[in-house]
Amino acid sequence: MTAKPARIEPRDLSVPRPIDLPAQVPLDGRADLTELDDAKIFAAPEDPADWPAWRETLHRWRASARRRYCMDGAAGPAYTRAGWAAGCYSVCLVWLWDERLYDRATGRFTVAEFLRGGEETYGGFDAVVLWHAYPVIGLDPRNQWDYYRDVPGLAGLVGEFHEHGLRVFVDYNPWDGGTRRTGREDAAEIAMLVADYGVDGVFLDTLKEGARDVIDAVGPDVALEGESRLPLAAVADHALSWAQWFADSAAPGVLRAHWFERRHLMHHTRRWNRDHSAELQSAWVNGCGMLVWDDVFGVWVGWNERDLATLRAMRRLQRAFHRQFAEGEWTPLADHHEDAVAAGVFAHRYDLDGVTVWAVVNRGDTAYRGPVLRTDPVGSWSEQAGGAAVHADERAVSTEVAAGGIACLVRSSVPLATPAAAPLGGDTGFPARTARPVPEPAAVGEPPADAVRIEPGRYVLPVRYRLRETGQHGETRWIDAWKPLPPELHSVVETEREAELGAVAVDRLEVSNAEFHEFLTATGYRPLVAHRFLAHWNGAAPAPGTGDEPVAFVSLDDARAYARWRGARLPSTAEWQLAIQRGAGRRDPLVWNWTASEHTDGVTRFALLKGGGWFAAEGSDWYVDGGPQPPEWELKLVLPGGGLERSACVGFRCAVQVAG
């Protein structure tokens, strides 16, 4: 498929926006430092001779800012009653129906297997964010709360994560105002959700900070995490925030919110990057964490082996030296040897209780072996990241730092245990996954007399779809992009697709309630997961007067079971589109149609829907496009599980390959 370029003003998405760049710190002692209050990262000066003055300025800024924002004393209950957040270094953002977490064959969540894989690959997690509604919300009237409350076994899922020692976050979508209304304000809904399911935190999707009513409703026991640059005034109430699309200086700078309040933990993330070394290094030297997000709304963006090795080492070291990172004296860019600086090797220092930790990074493309620090060599020295040898004397402390990687130089008054060998570095290639089609069973037979016939041949069909973060066939335009936003994001793509078809006949109308009832009566069919199955019926039969309406609240598997009974199958997207163009009709009320387009990459499943439905959510670009749609329109639906894929706005029709 070759997409036509959207008619938008071009922007180079490979470079940071001005707002993402690190803030330059004025070294003039008379400068107004309040301009630093909104920084993302405080850039380090290029000249190492300026680093002492830079550090002194950062200390002055912090002291004055804490007075201005009334943070001179204790930071408040957000850091005492949700104090666990300060050690929550690794957070996994996971789709509730990720196939590593949810087994569709049994209809059950598989927490132990998911965490085992997370431990082996990423070094384990401290918390999970269970994302749930976007990108499927807007398909029908269900709101964001329905997409949590309607999940079979959600309370048990949260409880099982807790049993394994993880914290659980739910997701709040403040833009959801165009779906079913409950009569309650969002703050009340959040508070009820948190209380009912016993979750530990709320991720504030698209928000830097929560509104006052949300903060008051959830209380200080619940950790709030904003998605981007947190205002200093909100640090007292928000124990965590994302460092999302934060550009750093050549020598690693300082994360502004974490420097302001050490107990405020930040998670670095650039969701579309295939090279995470910059985020990992900034998080490491700042004593902060990482967001692990390898499935972005249905698009696979797995991590390379070098970055995984770095993250696993960071996880182990952050647990071992948590007190130094959280409470120790933090000295950015300390004790450097000039040879290391010339090679792009830098360090921040943390001192506490006779143990000094240098968080070292190598910005270069080649491994560095040589002097790293100029400091007092007295004490027991070790390199705790990869276990490299350390030589310390009066001239320098020397070790090895992997290309694009980290090191952890530790000096203590007593010898520390030598870590198990864990070499850093590794392959930087992208670990690709292929979204493979789920085969549709063959069906050759005699179609209904009024079916729409499609002649065999090669067809070139127009296709239109919304350019969302889900991509369309597993791909996305945003790889390595820096903050895609409208109008690039959510624009409409117009393209063409070639299809080689045999002789096929497609039903003139969707399967009706009466026809589906006949199928149930004849077969006794019952789905593996019955949740929401035929939820619009009166028990085992359609409501009076609805027999001719399209059957809804059916999953792909339900539709396929009916088709097999009929000696048919689901039509492909091309067959469906051609049938509509040749006179096939639509039942009332209008429902999207399942097609033979299910794919899985072993992590996410999706299917393409055609036709549009009767419901349309208004008020946000994040919703699914609803309402009637032209035949060429396609909607990629990232498939929920647990019966939540069954919708009031989705039905199906059948197709038969014509014999001969």
Side-chain angles (χ1 to χ4, degrees), residues 82-103 109-132 154 156-171 197-203 205 222-225 227 239-244 264-271 273 276 279-280 282-284 286-297 300-305 307-322 325-326 385 406 422 431 602-604:
W84 56 267
C88 190
Y89 289 104
S90 180
V91 176
C92 179
L93 191 66
V94 60
W95 170 233
L96 257 173
W97 311 106
D98 187 306
E99 294 190 320
R100 296 167 295 183
L101 177 61
Y102 179 74
D103 182 4
F109 290 109
T110 55
V111 174
E113 290 83 352
F114 172 77
L115 294 179
R116 189 177 306 117
E119 185 72 34
E120 293 171 356
T121 304
Y122 296 102
F125 309 123
D126 297 310
V128 292
V129 181
L130 301 174
W131 61 271
H132 67 311
L154 180 60
L157 174 66
V158 173
E160 196 167 353
F161 275 121
H162 283 162
E163 289 173 5
H164 284 84
L166 275 78
R167 302 287 180 167
V168 179
F169 287 76
V170 290
D171 183 26
Y197 293 97
V199 299
D200 308 283
V202 178
F203 166 58
D205 175 42
V222 178
L224 296 176
E225 180 153 4
E227 187 177 341
L240 305 130
S241 64
W242 280 14
Q244 179 171 229
H264 178 85
L265 196 70
M266 305 178 73
H267 297 110
H268 256 293
T269 175
R270 297 181 196 168
R271 65 184 68 174
N273 278 30
H276 293 284
E279 304 134 77
L280 287 161
S282 180
W284 172 235
N286 279 273
C288 281
M290 290 293 298
L291 184 78
V292 175
W293 195 4
D294 59 14
D295 170 36
V296 180
F297 304 127
W300 172 250
V301 283
W303 288 35
N304 66 51
E305 283 301 323
D307 293 343
L308 288 173
T310 299
L311 179 61
R312 289 191 292 264
M314 284 172 55
R315 295 281 299 124
R316 174 172 51 80
L317 297 165
Q318 286 165 339
R319 287 192 293 263
F321 300 108
H322 170 62
F325 288 124
I406 67 168
V603 174
T604 308

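Any value given below was found using the heavy atoms of this structure, including those in side chains, with hydrogens, waters and symmetry copies removed.
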Would you check if [X] and [Y] make a side-chain contact, meaning some heavy-atom pair closer than 4.5 Å?
{"X": "His164", "Y": "Val111", "result": "yes"}
{"X": "Arg271", "Y": "Gln244", "result": "yes"}
{"X": "Val202", "Y": "Val222", "result": "yes"}
{"X": "Val168", "Y": "His162", "result": "yes"}
{"X": "Val292", "Y": "Leu311", "result": "yes"}
{"X": "Leu101", "Y": "Trp95", "result": "no"}
{"X": "Val170", "Y": "Tyr197", "result": "no"}

Taking all heavy atoms of [X] and all of [Y], pick out the closest pair and write down the distance.
{"X": "Cys92", "Y": "Phe114", "result": "SG-CZ, 4.0 Å"}
{"X": "Ser90", "Y": "Gly124", "result": "OG-O, 3.5 Å"}
{"X": "Thr604", "Y": "Glu99", "result": "N-OE1, 4.3 Å"}
{"X": "Ser241", "Y": "His264", "result": "OG-NE2, 2.8 Å"}
{"X": "Ala283", "Y": "Met314", "result": "CB-CE, 4.1 Å"}
{"X": "Glu305", "Y": "Arg312", "result": "OE1-NH2, 4.1 Å"}

Can you list the steps and then say if Trp300 with Asp294 is a side-chain contact (heavy atoms from CB on, under 4.5 Å)? CA-CA 6 Å; Trp300 172 250; Asp294 59 14; 3.6 Å; yes
With rounding to the nearest 0.5 angstrom, report the [atom1] to [atom2] distance, [X] to [Y].
{"X": "Thr269", "Y": "Leu93", "atom1": "OG1", "atom2": "CG", "answer": "8.5 Å"}
{"X": "Trp242", "Y": "Asp205", "atom1": "CH2", "atom2": "CG", "answer": "7.5 Å"}
{"X": "His268", "Y": "Asn273", "atom1": "NE2", "atom2": "CG", "answer": "11.5 Å"}
{"X": "Leu240", "Y": "Phe203", "atom1": "CG", "atom2": "CZ", "answer": "11.5 Å"}
{"X": "Leu130", "Y": "Trp97", "atom1": "CG", "atom2": "CH2", "answer": "10.5 Å"}
{"X": "Asp98", "Y": "Phe109", "atom1": "CG", "atom2": "CZ", "answer": "11.0 Å"}

Looking at Ala385, is its backbone amide N or carbonyl O close enough to the side chain of Arg316 to form a donor-acceptor pair, meaning the two atoms are under 3.5 Å apart?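 Yes; judged by distance alone, with no hydrogens or angles, the pair exists.
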Would you please classify the geometry between the His276 ring and the Trp303 ring as parallel, tilted or perpendicular, with 30° and 60° separating the classes?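 Parallel: the ring planes of Trp303 and His276 meet at under 30°.
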If the test is side chain to side chain contact (heavy atoms under 4.5 Å, CB included), which one of Arg315, Arg167, Gln318 qualifies with Asp126?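 Looking at Arg315, Arg167, Gln318, the match for Asp126 under the side chain to side chain contact (heavy atoms under 4.5 Å, CB included) is Arg315.
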For this output row, return yes or no: ring centroids of Tyr89 and Trp284 closer than 6.0 angstrom.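 Ring centroids of Tyr89 and Trp284 are no less than 6.0 Å from each other.
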